[in-house]
Amino acid sequence: MIAVQIQVYGRVQGVGFRYFAVQAAGRLGVSGWVRNEVDGSVKIYAASDEPALNQFVELIRQGPPYARVTEVVKTEVQVHTDNEARQFKVLY
């Protein structure tokens, strides 16, 4: 299992981006969280096997229909051991 932190820029708030990420993560078996940032970006922590994470990042690059992703910054990070039963949730 590996983990990444993803910062997503563009028109990514107010367009269902967080819920899009939750659905994508659920389909792929990715655990972690997503939240809106005060600068208008979306931050994601995601953990899974490498193929699932690669698919997840590609979906994030596309975003939901009304989003316009202009930049995605992905950084490999340490896997958190507190992921509750491999859930992916929205943080507020």
Side-chain angles (χ1 to χ4, degrees):
M1 180 177 279
I2 60 172
V4 293
Q5 179 176 292
I6 307 165
Q7 200 79 24
V8 188
Y9 298 93
R11 185 175 56 204
V12 294
Q13 291 190 14
V15 294
F17 202 97
R18 292 175 296 168
Y19 300 99
F20 172 83
V22 168
Q23 290 175 352
R27 286 193 310 272
L28 295 168
V30 173
S31 61
W33 51 261
V34 59
R35 72 175 180 219
N36 284 343
E37 297 289 288
V38 295
D39 67 357
S41 68
V42 168
K43 184 180 237 177
I44 300 169
Y45 166 82
S48 190
D49 58 58
E50 189 171 3
L53 272 183
N54 289 340
Q55 288 180 325
F56 179 73
V57 171
E58 285 310 307
L59 289 171
I60 293 303
R61 287 184 196 284
Q62 296 169 20
Y66 294 108
R68 189 178 73 237
V69 176
T70 59
E71 183 179 6
V72 173
V73 178
K74 181 180 87 167
T75 308
E76 195 163 324
V77 295
Q78 186 173 9
V79 175
H80 297 172
T81 57
D82 62 345
N83 283 343
E84 306 156 11
R86 297 188 51 86
Q87 293 180 348
F88 193 94
K89 58 188 170 185
V90 175
L91 298 182
Y92 296 95

Do you know the tightest heavy-atom contact between Val77 and Tyr45?
-> CG2-CE1, 3.8 Å

Which pair of heavy atoms, one from Leu53 and one from Ala47, lies closest together, and at what distance?
-> CD2-N, 4.2 Å

Between [Y] and [X], is there a side-chain heavy-atom distance shorter than 4.5 Å?
X	Y	result
Val73	Ile6	no
Tyr19	Val90	yes
Val15	Phe20	no
Thr75	Val4	no
Ile60	Val69	no
Ser31	Gln87	no
Arg18	Trp33	no
Asn54	Lys74	yes

Passes side-chain contact (heavy atoms from CB on, under 4.5 Å), Arg27 versus Gln55? Steps please.
-> CA-CA 10 Å; Arg27 286 193 310 272; Gln55 288 180 325; over 6 Å; no

Spacing of [X] atom [atom1] and [Y] atom [atom2] [to the nearest 0.5 Å]:
X	Y	atom1	atom2	result
Lys43	Glu37	NZ	CD	5.0 Å
Glu71	Gln7	CD	CD	9.5 Å
Thr70	Arg11	OG1	CZ	10.5 Å

Any chance the rings of Phe88 and Phe56 have centres within less than 6.0 Å?
-> yes

Residue pair Val8, Ser41: steps toward the side-chain contact (heavy atoms from CB on, under 4.5 Å) verdict = CA-CA 6 Å; Val8 188; Ser41 68; 5.9 Å; no

I'd like to know if [Y] and [X] are part of one continuous hydrophobic network [Ile/Leu/Val/Met/Phe/Trp/Tyr, side-chain heavy atoms within less than 4.5 Å].
X	Y	value
Leu91	Val12	no
Leu59	Tyr66	yes
Val57	Ile2	yes
Val38	Tyr92	no

Those residues that, when tested against Phe17, pass ring pair (Phe, Tyr, Trp, His ring centres under 6.0 Å) (two or more places apart) = none

With sequence neighbours left out, the residues meeting side-chain contact (heavy atoms from CB on, under 4.5 Å) with Gln13 are Asn36, Val42

For Arg61, all residues meeting salt bridge (charged side-chain N to carboxylate O under 4.0 Å, His left out), sequence neighbours excluded | Glu58

